[in-house]
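Heads up: the structure comes next, in structure tokens.
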Amino acid sequence: MSGKADIKLGYTCNNRCIHCVIADQRDRALQLRGSTDRTTQEYVSELLDAKRRGLSDVIFTGGEPTIRKDLLQLMHKARTLGLRVHVQTNGRILAYRAMVEKAAPLQAIWCVALHGPTAAVHDGIVGIPGAFDQTLRGLQNLREFKQHVLGKVVISKLNVPHLAEIVGLLASVGAKHVNLAFPHALGSAREHFDEVVPTYTDLAPELRRAVAAHASAIEISIEAVPPCVLPGHKKHLTEYEFSPRHQPAVHTQLDMETRDWHEARREQKQKGENCQQCRYDAVCEGPWKEYVEHFGAGELVPLTA
Ligand code: SF4
């Protein structure tokens with residue numbers, strides 16, 4: 001069987017991103033368990049559970065997985081169970097060449113977050129001076145050891161004008177794919193809503209520019225942006241990947257029951273009244289609820305052609 005288990009290692013992180021969504025879960029974990037991170041043994045149990053469910057892939061997420069001392073041990077355990085490993089990271093620790101050298105034989109898929117094409121933009125978003133240089137060095141190390149690299153960009157008002165340049169930079173350091181994700185206004189992103197969340201109207205031309213400039217060099221996927229915002233860009237929108245034909249995926253937060261990720265995500269989306277007239281109504285999830293609550297659904301014009 002195929003399918004992915006998205007398992008949070010914890011919420012500790014060495015960045016302080018303005019768009020970060022985890023503040024609420026982190027506070028909850030701290031209250032419930034007095035810690036924001038899973039133990040090694042807890043994580044091994046989650047890996048065994050993923051194996052029992054018949055899933056093929058496990059995604060190590062956080063917080064920041066690479067700051068854990070047991071990361072290599074856990075990756076090795078997953079591989080011995082026959083699970084393919086994905087690591088979602090800000091890439092800063094990967095600036096240490098020895099770290100990448102040790103991890104390289106495990107053949108993970110590295111999903112590295114880059115939110116700006118320059119230190120000024122990226123460091124401003126992640127809240128850490130010097131982070132851009134470290135992440136870029138990490139990407140270069142991954143390339144040197146011939147690792148499979150994907151890029152992740154969380155869209156925000158701060159990087160909307162730079163999206164095409166970020167995608168171009170990721171392509172130039174060997175990333176095979178980039179995911180451009182619309183921000184979900186939870187945690188810090190909710191607190192800084194006006195600085196973080198762009199309107200779809202302002203975002204659409206920049207997404208079109210990024211696709212036109214770089215889609216021939218790197219695969220581009222766009223997440224949490226409904227089809228009516230980008231007509232003619234069907235193959236780049238993850239809404240289609242998330243349709244009922246999708247692969248199974250489970251999502252395991254700390255101290256919460258494991259859930260079907262597609263079902264949990266749909267519960268957090270909201271569409272407009274006119275969406276019933278849209279030819280994509282069955283596959284489209286609509287925007288995050290917080291977006292519609294803030295901006296309304298006026299931009300969601302049904303596609304009928
Ligand atoms: S269903 Fe609604 S949100 Fe989705 S593409 Fe159609 S109009 Fe847009």
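Both counts, for ligands and for their atoms, begin at 1 and track the order of listing.
With respect to the salt-bridge test (charged N to carboxylate O, under 4.0 angstrom), the residues K271 and D281 qualify.
With ring centers used as reference points, Y291 lies under 6.0 Å from Y200.
Sorted by first and then second residue, the pairs that involve residues 75-91 and meet side-chain hydrogen bond (donor to acceptor under 3.5 Å, both in side chains), not counting sequence neighbours, are N14-N90, D57-R84, D57-H86, E64-T89, E64-N90.
At a cut-off of 2.8 Å, measuring from atom 2 (Fe) of ligand 1, the protein N, O or S atoms that fall short of it are C275 SG, waters left aside.
For the pair K8 (side chain) and G62 (backbone), a donor-acceptor distance under 3.5 Å is present.
Between the side chains of S221 and H177, a donor-acceptor pair is found at a separation under 3.5 Å.
In the hydrophobic cluster analysis, where Ile, Leu, Val, Met, Phe, Trp and Tyr join through side-chain heavy atoms closer than 4.5 angstrom, I59 is grouped apart from I7.
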